[in-house]
Amino acid sequence: MKRGLWIILAALLAAIAGFVITQRSCCDVVMADTAPHDGSSRLPELEWLRHEFKLNDAQFAKVSELHLAYRPTCEDLCMKVMASQDKIKKLVGGGTQVSPELTAALQEQATLHVECQTALLTHLYQTAACLSPEQARSYLDAMLPQVIDMKMEPATKHSGH
């Protein structure tokens, strides 16, 4: 169950970040002209957030912008985590004791965990700031436990849990 929630959280963060990149690379006029006119979103992964917390259009636009702005950070951290895990696996697989290199790799992974949690918590608090106090409390109540219990397992390593 925790793995499934991590996958959902990672997808959400990646989608938020991608939206902001796209939005910043286009001018507001172009965005208005290309936006869907049927009420649907170009970020379907955020629709649950819109509906669950009953976001108005202005809130959803700001949350979407934050989502896209965070995407590069999320992707960068994910790549670092995967590289760190690969390094540890190689060191563990090729050794018979805890070497200084393995200790350093484990420390690097612990540092990455702190970096990931800090970045994600910052993002969640920024998102919550776009919401009403009631919406923000509900959003943080739902999301913060996922960050606190976060494991250093990139979503690409999971299979539908």
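These numbers come from the heavy atoms of this one structure, side chains and all, not from hydrogens, waters or symmetry mates. These figures come from a predicted structure and were not determined experimentally. Numbers here simply count residues along the sequence, with the first being 1.
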Is the backbone N or O of G95 less than 3.5 Å from a side-chain atom of S99, with the two atoms forming a donor-acceptor pair by type? no

Are the side chain of Q135 and the backbone of S132 linked by a donor-acceptor contact shorter than 3.5 Å? yes

Specify the closest pair of heavy atoms between [X] and [Y], including all atoms of both residues, with the distance to one decimal.
X    : Y    : result
A136 : A128 : CB-O, 3.4 Å
W48  : F53  : CZ3-CE1, 3.7 Å
Q59  : N56  : N-OD1, 2.7 Å

Are R50 and D57 ion-paired here, with the side-chain N under 4.0 Å from a carboxylate O? yes

Would you call D76 and K80 a salt bridge, using N to O less than 4.0 angstrom? yes

Are [Y] and [X] connected into the same hydrophobic cluster when the rule is that any two of I, L, V, M, F, W, Y join if their side-chain heavy atoms are below 4.5 Å apart?
X    : Y    : answer
L112 : V92  : no
L106 : V81  : no
M82  : L102 : no

Give me the ring orientation class for H123 and Y70: parallel if the planes are under 30° apart, tilted from 30 to 60°, perpendicular past 60°. parallel

Donor on one side chain, acceptor on other, T111 and E108, under 3.5 Å: no

Modelled atom types, side-chain donor and acceptor of Q109 and H113, under 3.5 Å: no

Non-hydrogen side-chain atoms of [X] and [Y] separated by less than 4.5 Å:
X    : Y    : value
L49  : F60  : no
Q85  : I88  : no
I148 : L121 : no

What's the spacing between [X] [atom1] and [Y] [atom2] if we round to 0.5 Å?
X    : Y    : atom1 : atom2 : result
L131 : Y139 : CG    : OH    : 7.5 Å
M143 : S138 : CE    : OG    : 13.0 Å
T122 : Q117 : OG1   : CD    : 11.5 Å

